[in-house]
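Below, chain A is the first sequence line, B the second, and so on; all start at residue 1.
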Amino acid sequence: MTNADVAQVFNEIAVLLEIKGEDAFRVNSYRRVARTINDLTADIHDVAARGELGDLPGVGPGSAEKIHELLGTGRVSLREQLLSEVPDSLLRLLAVPTIGPKRAAVLWKECGITSMDELKAALAAGKLATVKGFGPKTLIQMERGIEFLERSAGRTRLGMGWKVSTLLGGAVLAMKGVERAEFAGSLRRGCETVGDLDLLCATEDPEQVVRQFLKLQHVTEVLSASTTKGLVIVDYEPIGTLRVDLRVVPAASFGAAWLWNTGSREHVTRLRARAAERGWSLGETGLTAGGRVIASQTEEEIYAALDLPWIPPELREDRGEFDVRVVPRDLLTLKHIRGDLHVHTTASDGRNTVAEMVEAALGRGYEYMCVTEHSQSSAIAGGLKEALLIGHMLDVRALAKRTEGIRVWIGTEVDILADGTLDYPDELLAQLDFVVASVHSGMGSDSEANTRRTLAAIRNPYVNCIGHPTGRLINEREAMALDLEAICKEAARTGTALEINANNFRLDLKDEHARLARAHHVPLVISTDAHAVDQFDQIQFGVLTARRAWLRRGDVLNTRAAKDVRAFVAAKRAAQG
DNA sequence: GCCGTTTTCGGCCCGACTGTTTTCAGTCG
């Protein structure tokens with residue numbers, strides 16, 4: 001049982017108590033415990049074994065006892081008792097926008113609704129229109145929200161797919177007789193979500209490899225199997241559950257199989273048409289002419305036979321990648337990234353100190369890092385009041401002075417308020433090294449209002465980058481309505497960058513939007529928005545997204561040297577300040 | 001439920017937005 005598992009149980013207890021209508025402060029104390037454990041760097045088992053649970057902030061005798069019970073027995077009696085009173089299917093309804101614990105309780109107690117299907121039926125029948133607290137606008141938001149949830153169901157975020165594929169790939173490579181194992185499909189193309197994982201294996205003994213695969217430790221269900229294929233469900237708790245499709249192919253046709261299974265369908269269709277023009281045929285086993293194999297062993301050979309350079313997987317979407325005159329040869333890579341310009345620490349809602357984040361950035365070989373805490377309006381995220389930011393600035397500057405090997409800058413992730421003004425005065429922003437401005441609230445407005453708001457921030461001489469510009473959360477919240485064309489034009493005109501937030505929950509801007517920005521010559525910044533040292537790794541998802549947007553090194557600000565980033569900031573201030 | 005004292009219980013919590021219940025409750029980040 002991991003720290004995250006324990007935290008999850010406490011969060012669940014909090015929600016159940018809330019639905020029951022228990023005292024809000026008591027509810028909050030369980031949330032506090034969950035947060036503390038989730039943020040803990042030590043293993044909760046070790047803390048418990050040392051008898052030090054009570055030393056954790058927010059953990060008193062009651063919670064300590066429950067943690068011991070959970071670690072010892074895998075259960076908490078309070079949770080079991082609550083689940084006997086409150087139907088657990090009710091918890092799923094909380095994912096619907098506008099439904100929190102209070103409305104969930106009303107649905108359950110007054111309408112007898114405890115599941116998503118019942119809720120949908122009641123909405124369709126217009127039964128909720130008369131219920132107190134469920135006005136027409138709320139009902140519309142509810143219906144739209146359910147639609148969105150259903151649309152994103154079954155798709156797994158890239159980050160989770162990546163974790164599982166790394167673990168699973170390692171296990172498969174370690175199997176006897178496996179010469180090569182690679183992932184294909186949307187994961188290889190770096191899509192923001194993946195359906196199944198497509199795994200390809202080269203071996204001389206397919207049957208044996210399939211047999212071993214079906215028996216792998218994390219396989220919980222075999223959906224189908226043959227001598228060369230296996231379709232299974234793997235469960236890597238707590239990362240998640242995924243369907244994995246294994247295909248075993250001979251090494252001689254590995255390239256063809258890899259190409260075929262990487263897709264996209266549209267890309268492969270175009271390739272097949274290209275082969276047909278030459279009187280050939282392209283299939284899963286190779287490029288052939290009347291049964292004679294022209295190319296099959298590597299992707300490069302197949303593309304070359306079709307008079308094409310090898311096309312990187314991230315580009316294989318039939319978005320113009322066959323036009324060799326316009327496809328960039330020098331796509332951005334992870335190695336080009338020289339620093340992170342959007343990082344949180346314990347000074348606001350991060351989990352690691354400035355020193356720890358700097359150490360981690362240094363370990364990645366970064367040349368610079370900018371600390372950007374939340375601003376005062378983001379109270380729950382520990383946003384800093386003006387005086388606190390000034391104190392923090394002095395601290396970070398002092399640390400920067402005694403740190404070698406990396407430049408440490410102080411900035412902010414300042415809130416863009418509803419009217420487009422910023423959460424700090426210009427005089428304060430002017431003292432900072434780099435300013436990210438982001439929208440965190442009131443995203444439900446119309447496109448005109450949202451756009452006006454963001455444009456106003458872009459025009460501020462001290463704003464250098466717009467953070468997660470559309471505010472979407474993959475599978476959870478739609479992007480806000482925004483005129484990105486207008487945003488891009490103004491960003492380009494004023495020398496303001498747009499962020500590709502690399503966190504796999506966001507990937508915002510998304511690939512097409514980043515491509516639009518590039519077309520308008522807007523500089524992009526790829527940032528992790530890291531709240532802990534391990535989140536610096538998220539940068540890889542930002543780079544994948546950037547590649548899908550056809551970005552090259554020159555399109556991305558944080559591939560430039562530190563002095564050039566400073567010059568970028570100085571240029572905007574000089575032009576408008 | 002936790003905390004911090006005023007050592008025995010009162011205060012904790014975060015503010016904005018939204019829609020609706022028309023004076024505020026519920027949701028959300």
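Looking at T412(A), its side chain does come within 3.5 Å of a backbone N or O of E373(A) through a donor-acceptor pair. Remark: side-chain polar atoms of T193(A) are not paired, donor with acceptor, to backbone N or O of T156(A) under 3.5 angstrom.
Residues E192(A) and T545(A) form no side-chain contact, since every pair of their non-hydrogen atoms from C-beta on lies 4.5 Å or further apart.
Comparing the P positions of dA25(B) and dT20(B) gives an interatomic distance of 16 Å, to the nearest angstrom. dC14(B) and dC3(B) have their P atoms separated by 16 Å, with the value rounded to a whole Å. Taking the P atoms as reference points, dC12(B) lies 28 Å from dT18(B), given to the whole Å. Taking atom C1' in both dG10(B) and dT6(B), one finds a spacing of 10 Å when rounded to whole Å. Comparing the same atom, P, in dC17(B) and in dT23(B) gives a spacing of 23 Å after rounding to whole Å. Taking atom C1' in both dG26(B) and dC13(B), the straight-line distance is 16 Å, to the nearest Å. Across dG11(B) and dT7(B), the matching P atoms stand 15 Å from one another, rounded to whole Å. Annotation: dG29(B) and dT22(B) have their C1' atoms spaced 28 Å apart (nearest Å).
dT8(B) is unpaired under the Watson-Crick or G-U wobble criterion, no partner having all donor-acceptor distances under 3.5 Å.
We find that D433(A) and R407(A) are not joined by a salt bridge, their nearest charged nitrogen and carboxylate oxygen being 4.0 Å or further apart. Classification of E478(A) and R151(A) as a salt-bridged pair holds, one side-chain N sitting under 4.0 Å from a carboxylate O. Taking 4.0 Å as the cut-off between side-chain N and carboxylate O, K120(A) and E150(A) count as a salt-bridged pair.
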* Asked: For every nucleotide of nucleotides 18-29 of chain B, 5' to 3': is a protein heavy atom under 4.0 Å from its base (B), only from its sugar-phosphate (S), or from neither (-)?
  -> SSSB----SSSB
* Asked: Reading nucleotides 2-10 of chain B 5' to 3', which nucleotides get B (base under 4.0 Å from a protein heavy atom), which S (sugar-phosphate only), which -?
  -> SS-------
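Residues from residues 15-26 of chain A placing a heavy atom under 4.0 Å of any atom in DNA chain B, listed by number, are D23(A), F25(A), R26(A).
The distance from the CG atom of D43(A) to the CE atom of M1(A) is 11.5 Å, given to the nearest 0.5 Å. To the nearest 0.5 Å, the span separating CD1 on I458(A) from CD1 on I466(A) amounts to 4.5 Å. Rounded to the nearest 0.5 Å, atoms CD (Q431(A)) and OH (Y462(A)) are 10.0 Å apart.
A cation-pi arrangement is present between R157(A) and F505(A) under the rule of less than 6.0 angstrom and at most 45 degrees off the ring axis.
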* To do: Evaluate ring pair (Phe, Tyr, Trp, His ring centres under 6.0 Å) for H468(A) paired with H440(A), printing each intermediate quantity in order.
  => CA-CA 9 Å; H468(A) 43 75; H440(A) 285 114; 5.1 Å; yes
